[in-house]
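One structure below.
Being a predicted model, the structure only gives us computed values, none of them experimental. Just so it is clear: chains get the letters A, B, ... in the order the sequence lines come, proteins before strands, and each one is counted from 1.
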2 protein chains.
Amino acid sequence: MNFSKTTEYALKILSYMALDYNKLYSAEEIFKELKIPYRYLRKQLTILSKSDLIKSIQGKFGGYKLSKKLEDISLLDIIVASGDKQLSNNCFFGFNECAFQEKCSFHNKWEKVRTEINMVLSTTNLAELKSNGPHGHANSNLLLTKIN
Amino acid sequence: MNFSKTTEYALKILSYMALDYNKLYSAEEIFKELKIPYRYLRKQLTILSKSDLIKSIQGKFGGYKLSKKLEDISLLDIIVASGDKQLSNNCFFGFNECAFQEKCSFHNKWEKVRTEINMVLSTTNLAELKSNGPHGHANSNLLLTKIN
DNA sequence: TTTAAATAATACATTACGGTATCATTTAAT
DNA sequence: ATTAAATGATACCGTAATGTATTATTTAAA
């Protein structure tokens, strides 16, 4: 019951890039901030820049920047872009196919939970993530503080 | 966002065994029902029978049976017995450590979802799973029908 | 006591994921 | 043109999860 490392990384990367919408972030900077293994990060950034969430700019002084407004990037978007495909199943526990011929009684109950998860993920966007300070206090300061 | 294969199998196995509390199920029968790869199933059954959820009886006409009442086996019990450890994390997305120094604003929001998942899993037991028919109609007939 | 039918233990094989290494390409500044 | 600093492509490696194979052990029945 968890996201994959790769999805985790994607969420962290995009959350970090949300700090400054217009900024061009280099892999180097993101690495220093988030401590994601550098080469893996590079690979992930390349993959992510093939989605419509971020774009890469090559060459000297290149980097990555968000390609949509913060309000238009939901957490679900990020999860999908990262390659986690496990949110759209329809069996009770998220199984690819229900273990049983007839949908079991728990199916509906669990489906409700899954629906709620999807709801939270699809309605929470980077703007919201950024606009509220730590512990839910609105507009305090940036939630994503430097680690380094 | 999913359970591991192993956890999935455990849930299926126990759900199936809930059909008849007293019955001794052979690995062969479970295999025919659930189509879990036979040798992997065998291994898993051995592991599960070291938990307090099911017990094995060796020798000819041996097999596996539940060792607790249906009401006393929650889905969370099964998940834990199967080895999935990913339910007790405390960061916003279930990360082992929060990506950021200060807990982010989403932390609380997501924590609520996680709490609910845990709630559903820990309060739903095999008896409940069995007592309600397909699609939520109580006491229709068994939800777990033969595939074979 | 031998046999048959079941589980137990253990080792091995395969696959997917996370991570690393190398070289190629792009682009701005000189 | 050359160089420097960035990303892109690709191949490889390590480990854990999944799956398979083999042999040992247990137990009831004949």
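- Atom P of nucleotide C/dC17 and atom CD1 of A/Ile47 are separated by 12 Å, given to the nearest angstrom.
- Distance alone, capped at 3.5 Å, places no donor-acceptor pair between the A/Ser51 side chain and the A/Ile47 backbone.
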Distances under 3.5 Å only, N/O to N/O: pair up the protein atoms with those of nucleotides 9-15 of chain C.
from  : atom 1 : to      : atom 2 : distance (Å)
C/dA9 : OP2    : B/Lys50 : NZ     : 2.9

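- Checking the phosphate oxygens (OP1, OP2) of D/dA6, no side-chain nitrogen or oxygen of A/Ser56 falls inside 4.0 Å.
- Using modelled atom types, no side-chain atom of A/Thr124 and backbone atom of A/Leu121 make a donor-acceptor pair closer than 3.5 Å.
- Here the P atom of nucleotide D/dA4 and the CD atom of A/Glu28 are 17 Å apart, to the nearest Å.
- For A/Tyr38, counting side-chain heavy atoms from C-beta on, the closest listed nucleotide (D/dT7, D/dA28, C/dG19) is D/dT7.
- What separates NZ of B/Lys12 from P of D/dT18 is a distance of 13 Å, to the nearest Å.
- The side chain of B/Tyr9 places an N or O atom within less than 4.0 Å of a non-bridging phosphate oxygen (OP1 or OP2) of D/dG19.
- Between A/Lys5 atom NZ and D/dT15 atom P the separation is 16 Å, expressed in whole Å.
- Residue A/Leu48 contributes atom CG, which lies 11 Å from atom P of D/dG8 at whole-angstrom precision.
- Comparing A/Phe61 and A/Ile36 along DNA chain C, the residue whose closest nucleotide (by nearest heavy atom) sits nearer the 5' end is A/Ile36.
- No donor-acceptor pair closer than 3.5 Å links the side chain of B/Thr7 to the backbone N or O of B/Phe3.
- Between B/Lys23 and B/Glu29 there is a salt bridge, since at least one side-chain N of the basic residue sits less than 4.0 Å from a carboxylate O of the acidic one.
- Listed for the A/Ser67 side chain is a donor-acceptor partner under 3.5 Å among the backbone atoms of A/Asp52.
- Contact between the side-chain N/O atoms of A/Ser26 and the OP1/OP2 oxygens of D/dA5 is not found at any separation under 4.0 Å.
- Separating the CZ atom of B/Arg39 from the P atom of D/dT23 is a distance of 11 Å, rounded to the nearest angstrom.
- Not one side-chain nitrogen or oxygen of B/Tyr40 sits closer than 4.0 Å to the OP1 or OP2 atom of D/dA17.
- Regarding B/Lys60, its NZ atom lies at a distance of 8 Å from the P atom of C/dA6, rounded to whole Å.
- Checked against the 6.0 Å centroid criterion, the rings of A/Tyr64 and A/Tyr25 do not qualify as a close aromatic pair.
- For the pair A/Ile57 and B/Gly59, both in contact range of DNA chain D, the more 5′-proximal nearest nucleotide belongs to A/Ile57.
- The only option from A/Gln44, A/Lys43, A/Lys50 that meets the side chain to side chain contact (heavy atoms under 4.5 Å, CB included) definition with A/Thr46 turns out to be A/Lys50.
- In this structure, A/Tyr64 atom OH and C/dT27 atom P are separated by 13 Å, rounded to whole Å.
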